[in-house]
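The structure under discussion appears below in the form of structure tokens.
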Amino acid sequence: MAQQLEQRAAQQRKRNLQVVVPLTSREIAVAGNRYLNFSSNDYLGLSQHPKVLGSYAASRSIGARASTLVTGYSDAHANLCGVLAEVLERPSVLLFSSAFAANVGALGTLGPLYSELYLDRLAHASLLQGALQGARQTGYRWRRFQHNDLRTAQKWTAAHNDSCLVVSESIFSMDGDVLPQDALAGLLSHVKNADVMIDDAHGFGVCGSDGRGVAEQFSVAEVGLLSLAFGKACGVAGGAIATDEWSADYLINFCPELIYSTAMPPAQAAAIQAAVEIITSAEGQHLREKLAVNVAYFHELCRSAQLPVSTSEHAIQTLQVGADAKALQLSETLRNAGIWCSAIRPPTVPENTARLRITLTAAHNDDDIRQLVAALAAGFEDVNL
């Protein structure tokens, strides 16, 4: 352990916990200092919404007190599942303690039922862990196709007679780039032996009509496994798998992450439901529009400052700098200017692609964004990028 930790430290990749105090939807305090927060996945600012906070506080029970299959499944959980099933137009929704657990559990349990599994090379660590877990159990084959290269996945599937599972994400967490929906539609129309799992962690609540994300474009017959994360646009925590009745029944009976974990607190389920109701309302649409305006304004200012940020239209924006040391230095420069924006380094991202992962929210205002871009421009010059 000491050797590996020393190696991480030498590479400037050693992580440490920091106590962060949320002040508002756009501000945090760390070590007594106040910062504008541009490292939050709270895309719509719902973590501080009075209705979400009130729903949590009004719950009859904070803890679930048992696993879902013992006495941990309450009316709050059932109500949330019902609302999500209606919004997503999926027959069944299962709740997990985290989105990581949902992905590991779903792939680790259902993956071995397929002859082969194909996974996007930049898929989230939870999806990779689920594929590995399933392979360790049964030895089934799994392969990784180049990022967003669904045509290769289509070729592999077409060349295979038995059933295959293709796994990807709607919005990729480190670049904010988007799954090519036309390529997915092409795969679905040309091969009949492929099922599809999409992680919609960063899409649900932000993308599509009423924030429905992938569910707006693809039915359960097309995307049979839809993974959700409630710590992003919902501003809470936890995860879910939305699927067909057969798959849900199988997971209930065979998925260890579901069977043996204490259920998420009923108060948490109530807060998530409140967030989902906001997301699908006129207020949710207004927040998405505000977020889109903020992203466009950020791009406008970055073009003027000649900053090479990503062209993503999502809340996730990236500024790649390459070397770990430069990413850390730029992050520290921003911190000195009152901006909290974390450096992302390998192994979270590929070698030589260390970056700032900048996340905009609907809670930010024009002054915040101007302050961010001014700090980025000054920091970019200081770091000699």
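Note that this is a predicted model, so its numbers are computed, not measured.
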Polar contact flag, side-chain donor to acceptor under 3.5 angstrom, Arg15-Thr348:
yes
Donor-acceptor check, side chain of Arg90 to backbone of Ser219, threshold 3.5 angstrom: yes or no?
yes
So, taking the atom named CZ in Phe298 and the one named NE2 in His364, what distance separates them when rounded to the nearest 0.5 Å?
11.0 Å
Using the rule given for side chain to side chain donor-acceptor pair (under 3.5 Å), can you reason through Glu289 versus Gln285, listing the C-alpha separation, both sets of side-chain angles and the distance that settles it, and then say yes or no?
CA-CA 6 Å; Glu289 291 170 358; Gln285 182 59 29; 3.2 Å; yes
Heavy-atom count check: over 12 atoms from other residues, nucleotides or ligands less than 6.0 Å from His147 NE2?
yes
Gln48 side chain to Gly235 backbone, donor-acceptor under 3.5 Å
no
Kindly check if the number of other-residue, nucleotide or ligand heavy atoms within 6.0 Å of CZ (Arg60) is above 12?
no
Do Arg144 and Leu128 have side chains that get closer than 4.5 Å, going by heavy atoms?
yes
Just wondering, do Leu36 and Glu27 contact through their side chains at under 4.5 Å, heavy atoms?
yes
Can you tell me how far the CH2 atom of Trp156 sits from the CD atom of Glu116, to the nearest 0.5 Å?
9.0 Å
Same cluster or not: Leu69 versus Ile241, using hydrophobic residues (I, L, V, M, F, W, Y) connected whenever any side-chain heavy atoms lie under 4.5 Å apart?
yes
Which heavy atom in Val87 sits nearest to a heavy atom in Val276, and how many Å separate them?
CG2-CG1, 4.3 Å
Might you work through the salt bridge (Lys or Arg N to Asp or Glu O under 4.0 Å) test for Arg355 and Asp175, ending with a clear yes or no?
CA-CA 10 Å; Arg355 67 197 65 187; Asp175 291 291; 2.8 Å; yes
Which atom pair, heavy atoms only, marks the closest approach of Ser25 to Gly45?
OG-O, 3.2 Å
Do Ile198 and Leu179 come close enough that some side-chain heavy atom pair is under 4.5 Å?
yes
Do Tyr297 and Val206 belong to the same hydrophobic cluster, where Ile, Leu, Val, Met, Phe, Trp and Tyr are linked whenever their side-chain heavy atoms lie under 4.5 Å apart, directly or via other members?
yes
Is it true that atom CZ of Arg335 has more than 12 heavy atoms of other residues, nucleotides or ligands lying nearer than 6.0 Å?
yes
Nearest-0.5 Å distance that lies between atom CG in Asp120 and atom CG in Asn148:
5.5 Å
Can you tell me if Glu86 has over 12 outside heavy atoms packed within less than 6.0 Å of its CD?
no
Taking all atoms of both residues into account, what is the closest heavy-atom pair of Pro91 and Thr243, and its distance?
CD-O, 3.3 Å
How close do Ala363 and Arg26 get, heavy atom to heavy atom, and via which atoms?
O-CD, 3.3 Å
Considering residues, nucleotides and ligands other than Arg136, do more than 12 of their heavy atoms fall under 6.0 Å from its CZ?
yes
Close side-chain approach of His77 to Pro266, heavy-atom, < 4.5 Å
yes
Using a 6.0 Å cut-off, check whether atom CD of Glu245 has over 12 heavy atoms from anything other than its own residue.
no
Should we count CD of Glu313 as having more than 12 external heavy atoms under 6.0 Å?
no
Is there a donor-acceptor pair under 3.5 Å between the side chain of Arg13 and the backbone N or O of Asp324?
no
Any side-chain donor paired with an acceptor under 3.5 Å for Gln273 and Glu277?
yes
Heavy-atom check, side chain of Ile316 versus side chain of Tyr43, under 4.5 Å:
yes
Atom CZ of Phe38 and atom CG of Leu360: how far apart are they, to the nearest 0.5 Å?
6.0 Å
Residues at least two apart in sequence or cross-chain that pass ring pair (Phe, Tyr, Trp, His ring centres under 6.0 Å) with Phe100, listed by chain then number, are none
Heavy-atom count around Lys290 NZ within 6.0 Å, excluding the residue itself: above 12?
yes
Between His124 and Ser126, is the side chain to side chain donor-acceptor pair (under 3.5 Å) condition met? List the steps.
CA-CA 5 Å; His124 191 266; Ser126 57; 2.8 Å; yes
Output for pair (Gln317 CD, Ile358 CD1), nearest 0.5 Å, gives 7.0 Å
Side chains of Gln133 and Leu107, heavy atoms from C-beta outward: is any pair under 4.5 Å?
no
Is any side-chain heavy atom of Leu110 closer than 4.5 Å to a side-chain heavy atom of Leu251?
yes
Do Ser227 and Asn103 meet the criterion of a side-chain donor-acceptor pair at a distance under 3.5 Å?
yes
Heavy-atom pair with the smallest gap, counting every atom of Arg212 and Asp200:
O-OD2, 4.1 Å
Within the 4.5 Å heavy-atom criterion, are Leu5 and Lys14 side-chain neighbours or not?
yes
Compare every heavy atom of Leu119 with every heavy atom of Leu127, then report the nearest pair and how far apart it is.
CB-CD1, 4.0 Å
Could you tell me the separation between the CG atom of Leu46 and the CD1 atom of Ile272, rounded to the nearest 0.5 Å?
12.0 Å
